[in-house]
Amino acid sequence: KTHREMGFPDHLCQLWENAIDRVFATNQPQGEIFDWTSSEGTATYDWRVFPELNGAGEVVSVLGVSRDISELKRVADELRESEERLNLAVRGTSDGLWDWSIETGKEYWSPRFKELLGYGEGIETTCDQCLAFVHPEDKADVLEAVRLHLEENLPYDCEYRLRTRCGEYRWFQARGEAMRDEDGKPYRMAGSIRDITERKVIEESLLESQRFLSKA
């Protein structure tokens, strides 16, 4: 059947014929993606026209493929909307988000994570780099908290100091959870960090006041 026999309107049939003409003119494949509304509803089509060449490299005929890609487009649209919602949530939170590939050591740090440490996009985001920012006195506790979570499935919720770009150490609360395969082996871990420096300063002031009163 021709596209006109299939009920496509004249302007879409002309689109198809123009694509065929361009194949003969350029010896290159041509394609169009368009929406078509019929009595059955609106559908999205992907038209492709491919040249068939002779030994001299001349186009002697064409091969045309017409596909209904409505479902693919719907899934792509939903995925894009989902990604947009996630990006809005990431930008809107005051926490820094991270995602660690245990197998490769590569990490994703959200823009807010980098901002909390005073960095931009140029910083290397790896597990080793993150550990390099941890205060030397806190590093053993951090590693042990991660080990307990990965090996014994205990909650990962710890507080430690990270060095910012200006060299200052600030307190953060880190939380996370590992994703595991069918055998229970962790392959990925994701979570967040929150700057709790002000809270720690207040807590230390209260402790200092209590120590002073206890000596009075």
Side-chain angles (χ1 to χ4, degrees), residues 72-211:
L72 290 175
K73 183 175 182 293
R74 183 189 65 78
V75 172
D77 289 344
E78 289 182 354
L79 178 60
R80 183 176 61 254
E81 290 177 2
S82 177
E83 290 176 344
E84 289 174 352
R85 285 194 295 269
L86 176 59
N87 288 333
L88 285 172
V90 168
R91 291 196 296 269
T93 182
S94 61
D95 294 356
L97 306 182
W98 53 270
D99 187 345
W100 169 37
S101 170
I102 296 174
E103 296 178 348
T104 66
K106 188 69 175 178
E107 286 195 6
Y108 163 79
W109 297 354
S110 72
R112 179 57 177 161
F113 187 118
K114 299 171 187 177
E115 181 183 324
L116 288 170
L117 296 181
Y119 288 91
E121 290 300 320
I123 188 173
E124 181 184 11
T125 56
T126 64
C127 181
D128 289 341
Q129 179 63 79
C130 188
L131 282 174
F133 289 140
V134 177
H135 194 287
E137 295 178 1
D138 302 334
K139 190 169 296 185
D141 291 339
V142 172
L143 292 173
E144 179 65 6
V146 172
R147 186 194 70 80
L148 289 172
H149 180 67
L150 296 180
E151 296 181 8
E152 303 182 25
N153 208 19
L154 294 181
Y156 177 72
D157 187 344
C158 60
E159 298 176 359
Y160 53 84
R161 289 161 287 182
L162 289 174
R163 187 181 70 251
T164 65
R165 187 175 185 177
C166 66
E168 171 194 22
Y169 279 98
R170 297 186 66 85
W171 279 97
F172 291 88
Q173 179 180 34
R175 292 173 175 170
E177 186 170 351
M179 283 150 274
R180 304 173 186 271
D181 60 23
E182 295 178 352
D183 298 323
K185 180 181 177 181
Y187 63 89
R188 182 179 175 186
M189 188 172 173
S192 65
I193 63 168
R194 173 175 295 183
D195 190 326
I196 58 169
T197 304
E198 292 184 4
R199 194 197 80 194
K200 298 293 285 189
V201 170
I202 293 172
E203 289 176 353
E204 182 59 32
S205 296
L206 289 174
L207 288 173
E208 186 64 28
S209 296
Q210 289 174 359
R211 285 193 290 267

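The figures that follow rest on heavy atoms only: side chains count, while hydrogens, waters and symmetry mates do not.
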Distance col, row Lys114:NZ vs Arg165:CZ, nearest 0.5 angstrom, shows 12.5 Å
Between Glu107 and Cys130, the two heavy atoms sitting closest are OE1-CB, 4.3 Å
By side-chain hydrogen bond (donor to acceptor under 3.5 Å, both in side chains), Lys106 pairs with (sequence neighbours left out) none
Rounding to 0.5 Å, atoms CG (Asp99) and CZ (Arg188) come to a distance of 4.0 Å
Taken to the nearest 0.5 Å, the spacing of Trp98 CH2 from Ser192 OG works out to 8.0 Å
TODO: Report the C-alpha separation of Leu116 and Leu162 in whole Å, then their side-chain angles, then the decisive distance to 0.1 Å, and conclude whether the side-chain contact (heavy atoms from CB on, under 4.5 Å) test is met.
DONE: CA-CA 10 Å; Leu116 288 170; Leu162 289 174; over 6 Å; no
Residue pairs passing the ring-ring contact (aromatic ring centres under 6.0 Å, His included) test with at least one member in residues 113-138, sequence neighbours excluded, are Trp109-Phe113, Tyr119-Phe133, His135-Tyr169
To the nearest 0.5 Å, atom NZ of Lys200 lies from atom CD1 of Ile202 at 12.0 Å
For Glu124 and Gln129 the tightest heavy-atom approach is O-CG, 3.3 Å
- prompt: Would you find more than 12 non-hydrogen atoms of other residues, nucleotides or ligands less than 6.0 Å from Glu198 atom CD?
  reply: no
List the atom pairs, with distances to 0.1 Å, where a side-chain N or O of residues 171-179 and a protein N or O form a donor-acceptor pair under 3.5 Å, not counting sequence neighbours.
{"unit_1": "Gln173", "atom_1": "NE2", "unit_2": "Asp157", "atom_2": "OD1", "d": "3.2"}
{"unit_1": "Arg175", "atom_1": "NE", "unit_2": "Asp157", "atom_2": "OD2", "d": "3.1"}

Here the salt bridge (charged side-chain N to carboxylate O under 4.0 Å, His left out) pairs for residues 126-143, sequence neighbours left out, are Glu137-Arg161, Asp138-Arg161
- Query: Can you check side-chain contact (heavy atoms from CB on, under 4.5 Å) on Leu131 and Leu143, steps first, answer last?
  - Reply: CA-CA 9 Å; Leu131 282 174; Leu143 292 173; 3.9 Å; yes
- request: Could you tell me whether a side-chain N or O of Asp183 sits under 3.5 Å from a main-chain N or O of Lys185, the two making a donor and an acceptor?
  value: no
Value for CZ (Arg170) from CD1 (Ile193), rounded to nearest 0.5 Å, stands at 11.0 Å
Checklist entry - Between Glu159 and Arg199, does a side-chain contact (heavy atoms from CB on, under 4.5 Å) hold up when you go through it step by step? => result CA-CA 12 Å; Glu159 298 176 359; Arg199 194 197 80 194; 2.5 Å; yes
Is the backbone N or O of Gly105 less than 3.5 Å from a side-chain atom of Thr126, with the two atoms forming a donor-acceptor pair by type? no
With sequence neighbours left out, the residues meeting ring-ring contact (aromatic ring centres under 6.0 Å, His included) with Tyr156 are none
Contacts of Glu204 meeting salt bridge (Lys or Arg N to Asp or Glu O under 4.0 Å) (sequence neighbours excluded), chain-then-number -> Arg211
Between Arg180 and Pro186, the two heavy atoms sitting closest are NH1-CD, 3.6 Å
